[in-house]
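Report on the following structure.
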Amino acid sequence: MVEQFVGTWKMVSSENFDDYMKAIGVGFATRQVGNRTKPNLIVSVDDQGVVCLKSQSTFKTTEIKFKLNEQFDETTADDRKTKTVMTLENGKLIQKQTWDGKETCIEREITDGKLIAKCIMGDVVAVRTYVKEV
């Protein structure tokens, strides 16, 4: 279940994120900010099974609330309006976003106590690593 993801996660590394942002169509100015921002990821689940995923930084805070396997409308940090579905597959929390005939996927999994987020757009993959705050 999603319980393993619950907590506050601090970003410690980000690889290839600029190329990923380019691939999804993020403009230059927003990419400059995105490359410098190291957000915390805060994951919680309520007793109804609604998951809250909050990305918090000095630049911008975004929050989505969802139930697994149910499509919802998301406005992303770079202001895309997407149809998003979150699923849990083999211990990975998978976020599929579709907009304007495009699709991207963010796979989050816990490896060696770290949360690894793979942002995938076509053949471009960015890897962002988080450690849990105690």
Side-chain angles (χ1 to χ4, degrees):
M1 287 302 292
V2 294
E3 283 72 23
Q4 65 177 339
F5 294 95
V6 169
T8 298
W9 300 86
K10 181 180 171 65
M11 181 184 289
V12 290
S13 71
S14 180
E15 300 161 35
N16 213 33
F17 195 58
D18 190 61
D19 286 342
Y20 172 75
M21 288 189 290
K22 270 187 209 162
I24 62 173
V26 177
F28 178 79
T30 304
R31 286 202 324 272
Q32 295 311 300
V33 174
N35 282 322
R36 285 196 300 273
T37 304
K38 294 213 180 312
N40 281 353
L41 193 61
I42 302 159
V43 184
S44 59
V45 185
D46 73 12
D47 54 8
Q48 305 296 308
V50 175
V51 181
C52 178
L53 192 63
K54 185 189 279 192
S55 177
Q56 198 170 49
S57 74
T58 51
F59 168 62
K60 194 170 205 173
T61 295
T62 59
E63 179 178 281
I64 54 174
K65 291 188 176 185
F66 58 89
K67 283 193 167 183
L68 290 174
N69 309 309
E70 290 182 14
Q71 181 175 284
F72 62 95
D73 294 319
E74 177 182 3
T75 300
T76 64
D78 60 307
D79 226 26
R80 284 172 296 128
K81 309 276 189 264
T82 68
K83 297 285 185 194
T84 301
V85 178
M86 304 287 287
T87 57
L88 199 60
E89 300 169 31
N90 302 318
K92 292 182 184 179
L93 188 59
I94 314 266
Q95 180 176 5
K96 283 195 177 136
Q97 300 170 329
T98 53
W99 77 103
D100 298 341
K102 300 174 189 165
E103 180 177 290
T104 187
C105 180
I106 302 168
E107 297 180 354
R108 295 177 178 91
E109 66 180 318
I110 308 298
T111 305
D112 298 328
K114 293 182 176 138
L115 190 155
I116 311 294
K118 284 186 186 161
C119 309
I120 304 161
M121 179 69 180
D123 58 359
V124 177
V125 180
V127 178
R128 311 189 95 194
T129 305
Y130 299 79
V131 293
K132 198 168 200 173
E133 290 198 330
V134 195

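Treat the numbers as computed from the prediction; the structure is a model and nothing was measured.
Residues T76 and E74 are in side-chain contact: their nearest non-hydrogen atoms beyond the backbone lie under 4.5 Å apart. A 4.5 Å side-chain heavy-atom check between V124 and K22 finds every atom pair outside the cut-off. Counting only heavy atoms from C-beta outward, the side chains of N35 and M21 approach each other to under 4.5 Å. In this structure the side chain of Y20 never reaches within 4.5 angstrom of the side chain of V26, judged on heavy atoms.
Residue M121 holds its CE atom at 11.5 Å from CD1 of I106, rounded to the nearest 0.5 Å. Here CZ of R31 is found 11.0 Å from CG of D78. Values are rounded to the nearest 0.5 Å. Atom CZ of R36 sits about 13.5 Å away from atom CZ of F17, to the nearest 0.5 Å. The structure places CD of E89 at 8.0 Å from CD of E107, a figure rounded to the nearest 0.5 Å. If you take CD1 on I94 and SG on C105, they are separated by 5.0 Å, rounding to the nearest 0.5 Å. Between atom CG of residue L93 and atom CD of residue Q4 there is a gap of 9.0 Å, rounded to the nearest 0.5 Å.
Under the 4.5 Å side-chain heavy-atom criterion for grouping Ile, Leu, Val, Met, Phe, Trp and Tyr, I120 is not connected to W99 through any hydrophobic cluster. By the criterion of side-chain heavy atoms lying less than 4.5 angstrom apart, applied directly or through intervening Ile, Leu, Val, Met, Phe, Trp or Tyr residues, V85 is not grouped with V45; the two fall into different hydrophobic clusters.
When atom types are taken as modelled, the side chain of K54 and the backbone of K65 share no donor-acceptor pair closer than 3.5 angstrom. Listed for the N16 side chain is a donor-acceptor partner under 3.5 Å among the backbone atoms of V125. Judged purely by atom type and a 3.5 angstrom limit, T37 has no side-chain atom pairing as donor or acceptor with the backbone of P39.
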Show me the side-chain donor-acceptor pairs of residues 111-118 shorter than 3.5 Å, one per line, residues at least two apart or across chains.
none

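Heavy atoms only, all atoms of each residue included: V2 and L88 are closest at N-CD2, 3.9 Å. When all heavy atoms are compared, the tightest approach of R128 to C119 is CD-SG, 4.3 Å.
Within a 6.0 Å sphere centred on NZ of K96, heavy atoms belonging to other residues, nucleotides or ligands number 12 at most.
Scored by the side chain to side chain donor-acceptor pair (under 3.5 Å) test, K83 finds D73 as partners (sequence neighbours excluded). Applying the side-chain contact (heavy atoms from CB on, under 4.5 Å) criterion to L53, with sequence neighbours excluded, gives L41, V43, I64, F66, M86, Q95, R108.
T82 and Q97 share no donor-acceptor pair across their side chains, judged by distance under 3.5 Å alone.
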